[in-house]
Structures are given as structure tokens and as C-alpha cells.
Amino acid sequence: MIAKLKVFNSLTRQKEIFEPLSPPHVGMYVCGPTVYSDVHLGNVRTFLSFDTINRYLRFLGYKVRYVRNITDVGHLLDSGEDRISKKAKLDNLEPMEIVQKYANDFHEVMATFNALTPDIEPSATGHMLEQMEMIKAMLKNGLAYESNGSVYFDVNKYNESHPYGILSGRKVEDLLAQTRNLDGGDDKKSQLDFALWKKAAPEHIMRWDTEWSDGFPGWHLECSAMSTKYLGEDFDIHGGGMDLKFPHHECEIAQNMGTTGHGGAKYWLHTNMLTVNGQKMSKSVGNSFLPRELMSGEHELLDRGYSPMTIRFFMMQSHYASTLDFSNDALESARKGFVKLSNALRLITALDWPENVEANTDEKQVQQINTFCDNCHHAMNDDFNTALTIAHLFNIVKKINSIHTRQLNLEAIGQETFIRMKETFIGFTEEVLGLKYESEIDGESLIQIILNEYREAKEQRNFEKVDELRSRLKEQGVIVKDMKDRVDWAFDE
RNA sequence: GGCGCUAUGGCCGAGUGGCUAGGCAGAGGUCUGCAAAACCUUCUACAGCGGUUCGAAUCCGCUUAGCGCCUCCA
């Protein structure tokens with residue numbers, strides 16, 4: 001009997017049995033990237049964690065609607081400048097060109113890491129009406145106020161009826177007590193209030209004309225608007241990086257509650273940070289890696305490049321809610337480990353139960369293998385413990401290798417167990433963890449090796465072998481060309 | 001300052017009140033023309049100090065160290 005899926009809910013700070021609101025459907029919203037520059041590896045980690053969560057939910061048979069947004073407006077810098085606008089000015093491009101460029105890049109990167117695409121990928125600028133409606137509702141509910149063309153959420157007012165800070169464990173009094181004196185001349189009633197709508201300064205490029213002002217929406221609003229639109233007032237899972245918990249997710253809950261009276265997600269999942277030498281990887285600290293730097297090895301902290309699947313495997317070896325430290329040594333051992341897993345994947349994929357084999361089962365072996373298979377399910381059911389899942393997969397790797405070297409006979413396992421082992425191993429490796437076999441073999445180098453054989457055979461006038469090699473290569477779409485002074489080749493047309 | 005998290009063997013990293021995580025690296029063995037792979041066995045653990053308990057690395061307290069959020073951040 002396989003236990004039920006349990007997830008750690010940040011909202012309750014407890015591991016809970018996962019019970020979707022309306023099974024078999026599961027709605028999951030994940031905060032996506034702000035597309036003003038290249039995503040770095042820390043960003044990638046979060047999205048790969050949720051990719052695996054998405055994959056496992058599907059593996060369990062849930063009908064998942066996975067929504068991951070693209071933030072293309074409203075995300076401000078300390079200076080009050082919009083990130084996208086700033087980059088657009090800097091590069092002398094249209095803001096939408098910036099958005100398109102980095103959204104494309106993001107999609108490419110995620111595809112490289114074998115991430116499934118979300119079912120809906122809405123953008124903030126595509127949902128201006130929904131955001132405005134939400135602001136109106138909050139104004140009507142007395143939880144927002146207009147001030148000098150901007151609209152703010154009234155945190156103190158909200159806190160009278162709903163606790164503000166339930167997700168991050170903060171109290172309004174504490175927050176107020178240590179409020180720092182930020183930029184003066186604020187239109188806000190309280191430092192805790194956050195913008196729903198911002199009046200645009202004259203030089204601001206991205207702007208929409210509304211009854212309040214010619215301006216743009218606050219950053220937190222888009223996620224509330226889009227999750228409600230596509231998943232409803234109540235939905236199952238909301239995810240994002242740990243660093244979004246406060247204030248972003250806290251504000252989302254307040255906005256949802258302030259609009260619909262519902263808090264949005266039932267389960268909040270937060271992924272932990274990728275660190276470098278124990279410090280959070282972040283653009284501002286300057287310790288971030290771009291995916292392409294990691295793959296090519298062109299980075300001062302790297303000895304060599306690592307393939308996308310090695311990186312994915314490396315990340316899957318830790319739990320999504322733990323910090324993961326990034327280092328050469330860790331990556332190198334992940335690389336070797338992944339090669340081992342990969343070889344086993346190749347062997348088991350190619351191996352089918354042979355005909356005419358009578359089972360003569362060894363109960364101990366059968367039991368061991370079944371336990372390993374069960375354990376893969378248990379591990380993933382325990383809050384998506386990919387690290388433990390991989391440990392169990394490696395136990396299966398030993399069995400696969402033993403079968404391959406004939407140290408373990410197929411007869412001893414029996415067809416039923418063999419099939420279960422094969423399906424479990426491939427299922428968890430490829431479908432759940434999203435790892436796939438990667439060949440780093442250079443086909444053209446292999447052709448050269450074969451052509452050397454061809455040349456030697458020709459010199460020895462071993463025409464039987466010559467013909468054999470030539471026809472085998474032709475089967476692979478390679479034509480051998482005997483030149484006067486050398487042997488050349490071309491692709492068959 | 002407030003809130004929270006983490007400290008595991010040479011490295012990375014799971015986990016649990018008593019039963020082998022796993023990977024990488026190390027040692028021994030089997031196999032082998034050589035080499036490799038593979039398989040088997042094996043050595044290094046649970047930050048420190050107290051407490052609870054028949055029993056704690058696992059629970060509680062304190063100490064130390066580090067980190068995150070509180071300001072944009074996945």
C-alpha cells in the first residue's frame with residue numbers, strides 16, 4: 001500500500017496530506033520570472049523544482065492546470081523605476097522587445113533543462129483589465145485608497161478583519177515598530193501599505209490611462225488577478241521562491257482576500273535558495289551563474305562545463321526546501337553519478353523480457369526489488385523528496401547492472417518483477433525527475449574511426465570487409481567516397 | 001533590532017527516537033590477455049554543553065557558527 005502524497009504547507013508550517021479541492025483536477029500557480037534580463041541558475045532551480053512537482057502530480061494521475069506567469073511590467077527598482085522600462089531605455093529598445101527577448105531566452109533555457117511548459121503562461125500587460133477590476137473591488141470594499149493618482153492597499157484597515165502576515169509569520173505591530181525611514185514625501189498612509197496602482201512619472205514609458213491616473217499596476221497585483229482568473233478564487237497550490245514569501249505572497253493573499261473574501265491557494269510551497277559558498281545566488285551580490293556559462297564552463301569559479309541533465313540531476317539530489325550549495329566538487333560528483341544512472345537507463349531501456357525464459361524466482365531478490373520500487377513512491381510522496389528517490393533509484397541501478405553482467409539472472413526475478421522494475425525505473429527517472437539520456441558522443445569522430453578501418457582493409461585488399469563497412473555506413477546515411485589520395489565521406493542525399 | 005532556517009562522515013547531500021540513505025572520493029576482493037566497467041565487502045558521522053527517555057545524531061533548553069527574510073530578488 002502506497003501512502004498518500006504529503007506536502008509541506010508554508011501557510012500552516014506543517015506537512016499535510018495533499019487533498020485537491022476538486023480531484024482529479026489540480027490548479028497550481030507559480031510566480032514566474034521578471035523578463036528584464038537573463039535568468040540565472042538560482043531562478044532555474046525554483047522552476048525545475050516546480051517542474052518536478054508538476055510532473056509528479058501528473059504521474060499520479062491528476063489533471064493539472066499549471067499556470068506560471070511572465071512579469072512584464074510593474075516590478076520596480078528601489079529608484080522607483082520599472083525594471084523593464086529601465087532596460088529598454090538602456091538598450092534603446094521598445095519595452096516589449098525586452099520582454100520578448102528575455103522571455104524567449106527563458107523558454108529556451110527551460111527547454112534545455114527538459115522542463116514541461118506551463119499550461120497557461122499569462123503576462124501582466126495582457127491582464128490590465130483584470131487588475132483594474134480588482135483595484136475597483138478593493139476600493140469598494142474599503143481596503144484601498146487613492147492618493148495623488150496612485151492607489152494603495154490599506155494594510156492597517158485590512159488587518160482589523162484579517163491577519164496580515166499569516167504566511168510569513170509577521171505581525172503588523174512588529175513590522176511597524178521596525179519600519180525604516182524610506183523615501184520621504186510618500187503618498188501612503190502607512191509604510192506597510194503597498195501600491196496597487198502607481199501614477200507614472202513623465203519619463204515613464206509603460207503606462208495605461210485609468211480613472212486614477214496615467215500609470216501602471218503594482219507588482220503584487222498581477223499574480224492575484226491571474227491566479228484568480230485561471231484557477232478561481234480558491235485553488236490548490238501556489239508556489240514560488242522563499243524570497244517571495246514576504247512581501248510578495250503576503251500581499252497576494254491580502255489582495256485576494258480583499259477582493260473575493262478568499263485567500264487563494266490552499267497549499268503554499270516555497271523553494272529554497274541556491275547558494276554559492278554559502279551565500280544566496282543573486283544578481284545583486286554578483287555571484288550568479290548564467291545557464292550558458294555553466295554549460296560551457298566559461299566562469300571563473302568553474303573547472304569545466306556541465307551538461308543540462310547533470311545540472312538537473314545535481315539539483316534533484318537535494319530537497320527543494322533546503323538550500324543547495326553550488327561548487328565544482330559537488331557538480332563533478334553529480335556528473336559522475338549521473339553518468340552511472342544514465343548508463344543504467346540506457347541498459348534497461350534496451351532490455352526486454354526474453355521469450356522462452358522460465359522464471360525460477362529467488363524470493364529475496366524479488367522482495368528487494370519490489371521494496372526499492374515502493375520506496376521510490378514513498379519518497380516522492382513525502383513532500384517530493386527527490387534526493388531520497390534518487391537514492392532508491394541507485395539501488396535499482398545495482399540490480400540492472402547485475403542483470404547486465406549476468407551476476408543476477410533474469411529467471412531469479414521473474415517477468416512480473418522485471419517489468420515493474422523497468423517501468424518504475426524509467427518512469428521515475430524520465431517522467432518524474434525529468435532526466436533523460438544524453439549522448440555526448442561526437443558522431444563525426446566515430447565516422448573517422450570507422451573510415452580508418454576502411455582504409456586499412458582496402459590496403460590489405462580485404463574487399464569483403466571493405467564492402468561490409470561501406471554498406472553498413474550507407475545504412476546510417478553515410479556515403480564513403482574513395483578519393484585519389486584519401487578517403488572522404490558525405491551524408492547520403 | 002524583529003521573524004525564521006540550518007549545522008550530518010574527506011566532499012555533496014537525505015533521513016529517522018532503537019533497524020545500511022544515496023552519489024563522489026578512499027581501502028580490500030571477484031571478474032579480467034591488458035585496461036575499464038560492473039558487482040561484493042569496508043573505513044571515516046550526526047557543532048558544543050545540559051535535559052527528557054529504557055534508549056537521541058533524531059525531542060526540549062542553552063551556547064557557538066552560518067544563512068535567509070524584514071528593501072528588488074526564484
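On a predicted model such as this, the values are computed, not experimentally measured, just so you know.
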Pick base, sugar-phosphate or nothing for [X], based on heavy-atom distances below 4.0 Å to the nucleic acid.
{"X": "A/Asn385", "result": "sugar-phosphate"}
{"X": "A/Ser49", "result": "nothing"}
{"X": "A/Leu388", "result": "base"}
{"X": "A/Asp325", "result": "sugar-phosphate"}
{"X": "A/Lys340", "result": "sugar-phosphate"}
{"X": "A/His404", "result": "nothing"}
{"X": "A/Arg170", "result": "base"}
{"X": "A/Ala387", "result": "base"}
{"X": "A/Gly240", "result": "sugar-phosphate"}
{"X": "A/Leu331", "result": "nothing"}

message: Is a donor from one side chain sitting under 3.5 angstrom from an acceptor on the other, for A/Gln407 and A/Ser402?
response: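 No, A/Ser402 and A/Gln407 have no side-chain donor paired with an acceptor closer than 3.5 Å.
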
message: Using a 3.5 Å limit for the pairing distances, which stems of at least 3 consecutive Watson-Crick or G-U wobble pairs does RNA chain B take part in?
response: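 If one scans RNA chain B for consecutive Watson-Crick or G-U pairs, the stems found are B:1-7 with B:64-70, B:10-12 with B:22-24, B:26-30 with B:38-42, B:47-51 with B:59-63.
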
message: Quick check: on RNA chain B, is the nucleotide nearest A/Lys336 upstream (toward 5') of the one nearest A/Gln407, or the reverse? Name the residue that is more 5'.
response: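 Here A/Lys336 is the residue nearer the 5' end.
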
message: List the residues meeting salt bridge (charged side-chain N to carboxylate O under 4.0 Å, His left out) with A/Asp442, not counting sequence neighbours, and say none if there are none.
response: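 Not a single residue meets the salt bridge (charged side-chain N to carboxylate O under 4.0 Å, His left out) criterion with A/Asp442.
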
- request: Using the test ring pair (Phe, Tyr, Trp, His ring centres under 6.0 Å), find all partners of A/Tyr320 that sit at least two apart in sequence or belong to another chain.
  value: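 Here no residue qualifies.
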
query: Using the benzene-type ring in the case of Trp, are the ring centres of A/Tyr29 and A/His238 under 6.0 Å apart?
result: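 Between A/His238 and A/Tyr29, which both carry aromatic rings, the centre distance is below 6.0 Å.
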
- request: For residues A/His319 and A/Phe8, establish whether the separation of their ring centroids is below 6.0 Å.
  value: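 No.
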
- prompt: Roughly how far apart, to the nearest Å, are B/G4 and B/U63 at atom P?
  reply: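 These two P atoms come out 15 Å apart once rounded.
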
task: Please determine which of A/His248, A/Glu252, A/Lys245 meets the side chain to side chain contact (heavy atoms under 4.5 Å, CB included) test together with A/Leu167.
output: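 Answer after filtering A/His248, A/Glu252, A/Lys245: A/Lys245.
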
- request: Might you confirm whether atom CZ of A/Arg406 has over 12 heavy atoms from other residues, nucleotides or ligands at distances under 6.0 Å?
  value: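 Not more than 12 within 6.0 Å, no.
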
